[in-house]
K.L.:
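Sending over a structure as structure tokens; questions will come in a sec.
Note that ligands are numbered from 1 as they come in the structure, with each ligand's atoms numbered from 1 the same way.
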Amino acid sequence: MTTPSPDHIKQVCEECQKKTDFTLKYEGGLFRPVFRGLKPGQSSIMTSPWAILAEWLYKQWLRLGNFIKAINTKLFPRRPKIYGTVMDSSVIGTITFSKKQDELVPIHHLRLELWSRTWLGQWRKLSEGYSAEDGSFKLPFELRMARLLRVRHIHFEIYQITEIMASQAIALPVHQLFKCIRIPKGDLIGMEYNLRNIRLFFWEYRTDTVLPRAEIKDRQKDAPQYYSQGRLEAIIDQAIPIELIKEKHKLQIKLRPNTISLAQIQADYRENLTVCIEKKIPGYTRGDDWFAERVMNGMNRACFVPDVDNPNHYWVNYFGKGYYDGNHEYALPDCAIKFALKPDGKPTPLEIKTTGPLNALNRDWWQEHRFTPADGDTWQQAKRVVRVNGGFSAEVDEHFASTHLNTEQYAMAVYRNLRLNPLAMLLYPHVKEVVLINHTADSILLNGYIPQASALSYQGLLARCKDTLGMLDWKGFTCTKPISEAHNSAKAENLFWNITNQYVRWFILSHLANIKKYWYEIYCCSEDLLNHAVSEFLSDIDLDALDPRDRERRLAMKAYFKLEYGFDDSLERPVRNGIKPAVSAITLHKHFPEDEAETAIADLIQCCTYIIFNASYLHTWANERQYDDIGEVLYCCLGLRFGEKESGVLAPETDLSIAPDLTRSTEMMFFSNLLSRTGYGYITSNEDGDINPYFSNLLLSKKEEFAALGVKAEAIESRTNI
Ligand SMILES: [Fe+2]
């Protein structure tokens with residue numbers, strides 16, 4: 001067979017990239033399957049016609065309810081005018097968070113309204129205002145207006161901001177009722193009516209984990225926020241076709257296992273990038289060039305550390321199971337790969353070093369193995385071991401911990417504290433919905449699929465996520481520096497950072513007066529961030545008490561993570577709750593520090609840029625490439641099984657005893673399909689109308705530059721919502 005020319009390879013790769021870049025569509029309709037949401041381990045699709053009919057009738061009932069509500073709103077509008085002239089009484093009280101550890105923490109700047117409603121249903125606004133910095137409030141109103149004979153109820157209402165409506169000139173918050181307290185009319189008799197301490201279950205932190213997570217009692221009915229309607233419809237379109245495929249496979253595996261094979265499972269799902277390329281250039285995706293290209297510019301976007309002895313050589317590290325809790329079914333050794341750069345700047349692998357067991361017979365974690373291209377078939381198999389470790393690391397460390405969880409810690413601090421400060425308009429659109437998708441990921445991925453498909457248990461995964469979060473900070477963060485002309489992932493990353501930074505700078509300088517005026521909100525945001533951050537990696541363990549090999553390995557992890565995540569461990573970070581947090585303070589001042597104005601504004605620009613950059617670009621990169629790099633079971637997965645042979649994971653792809661089993665295979669294909677294609681929430685599409693046009697225009701102006709680096713500007717998400 002003739003070797004394909006570089007031009008032919010480039011053409012095939014581009015064609016396949018285009019061909020496999022898909023968005024699933026589902027048309028819906030009566031008596032067709034209805035998606036009920038993602039659930040672990042069982043079908044979440046209704047297929048019984050009676051159940052579907054009942055669901056349809058229920059939806060019509062809800063629609064009728066909404067229709068009546070709309071009529072009610074039209075008939076009895078709530079006008080902004082305040083009734084009353086002699087404000088001789090007032091409603092007072094204090095608002096705090098409700099959880100035990102938070103019950104003394106005031107909730108500032110909540111919008112409050114006092115309304116009367118007549119026996120005929122008419123609304124009259126009696127007063128409005130905001131809770132103060134200490135959570136207290138005083139809404140003055142005219143007592144006579146509240147005690148009119150025609151008045152039936154008095155409502156004290158607390159509002160939260162749920163959406164932002166953005167335009168370049170102005171962004172407006174959309175307030176929605178959060179809590180209503182009815183006050184008996186007869187109780188309003190003096191100069192004050194004291195509602196005392198109102199404890200709100202408002203964006204509370206979980207207390208069952210050291211990770212900074214949102215408490216969600218019920219995602220459907222009692223969550224701090226909800227998905228936008230468009231996002232809900234998009235996920236239904238995406239999920240139903242592949243959910244049906246997965247369920248069919250699971251039934252076959254259960255009832256007639258001899259009728260299904262891994263090859264059939266693979267073929268039932270849509271073709272991914274590597275399958276497409278393999279069909280046109282057999283063997284290419286298993287070759288050294290493709291291997292190196294994906295390590296540099298694929299989902300991994302790995303960190304290339306210069307070799308100390310040879311400036312043209314670089315090392316990439318993927319850390320394996322190590323000290324994390326896990327199982328003995330799957331291999332996950334540490335992998336270090338040495339690359340050289342070719343004249344065109346593309347890397348080529350020279351050597352692979354693994355540490356850890358490669359078969360079920362020798363469990364010694366410290367065993368080392370080295371492989372080079374001269375090893376023939378074993379070299380091919382070692383590359384697969386690396387690919388799988390790279391896939392696992394990319395999913396757990398770079399995708400879930402670095403973008404999903406990292407964004408959640410900022411989302412919590414933002415939603416709990418920013419309201420009157422214009423930063424709310426800047427950040428809300430980019431941190432929304434992340435707590436919802438993370439909540440789902442907890443049950444279906446972290447405590448569901450991943451522990452069954454990889455070497456780590458749920459507890460092991462949580463510990464690994466904590467370690468990764470422990471090396472992530474906005475302060476001192478710098479993008480990856482390109483090591484060559486071919487380092488597209490680093491070039492694109494820098495390009496997006498610069499655009500985001502330009503937008504954030506413009507926004508902050510345009511709203512500086514109010515940003516300074518409501519600086520207290522930024523202070524509280526910073527305090528929440530610090531008080532709930534995980535500890536800096538290795539700062540909470542006694543390294544001297546460890547086995548020297550373990551200590552050396554952990555220090556090597558830290559040294560690598562510093563480069564991989566752009567973490568500066570020399571920065572002073574204030575100790576909180578006895579730990580050294582991984583995150584830096586945004587400010588330590590309750591009021592804008594005029595004497596340090598330049599530094600304070602520079603820090604704010606850096607922090608906001610980092611938050612948006614993580615929630616949008618970095619998440620898009622890892623998320624959208626899942627199906628490219630983990631969409632062919634035998635090419636890559638989250639874990640190779642040891643099997644029972646001495647060869648262990650160093651076996652050809654034809655040895656299915658080390659591949660994921662059939663159930664794990666169809667689940668892997670389902671998740672990588674579903675999660676790769678959000679289909680909703682892009683910066684330039686601005687489906688929810690909350691993205692500032694300045695930002696999307698800036699992004700579009702760099703469309704060609706991004707395209708040259710293999711990035712579609714229109715496909716960059718505004719937020720982490722899948
Ligand atoms: Fe994601």
K.L.:
Less than 6.0 angstrom from the centroid, inside 45 degrees of the normal: does Arg625 satisfy that with respect to the ring of Trp621?
P.N.:
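That pair qualifies as a cation-pi contact.
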
K.L.:
Test side-chain hydrogen bond (donor to acceptor under 3.5 Å, both in side chains) on Tyr205 and Asn531; report intermediate values, then the result.
P.N.:
CA-CA 11 Å; Tyr205 282 100; Asn531 288 330; over 6 Å; no

K.L.:
Closer than 2.8 Å to the Fe ion (ligand 1), which protein N, O or S atoms?
P.N.:
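The answer, once waters are left aside, is His399 NE2, His404 NE2, His619 NE2, Asn623 OD1, Ile722 O.
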
K.L.:
For a quick test of your reading: what N or O donor-acceptor pairs under 3.5 Å do the side chains of residues 701-709 make, sequence neighbours left out?
P.N.:
unit_1	atom_1	unit_2	atom_2	d
Ser701	OG	Leu698	O	2.6
Lys703	NZ	Glu714	OE2	3.0

K.L.:
Please walk me through it: do Leu405 and Thr468 pass side-chain contact (heavy atoms from CB on, under 4.5 Å)?
P.N.:
CA-CA 10 Å; Leu405 290 183; Thr468 306; over 6 Å; no

K.L.:
Just do the side-chain hydrogen bond (donor to acceptor under 3.5 Å, both in side chains) check on Gln238 and Asn673 with the steps written out, would you?
P.N.:
CA-CA 9 Å; Gln238 304 278 33; Asn673 249 286; over 6 Å; no

K.L.:
May I ask you to decide if the ring planes of His619 and His399 are parallel, tilted or perpendicular, using 30° and 60° as cut-offs?
P.N.:
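Rings of His619 and His399: tilted, as their planes differ by 30° to 60°.
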
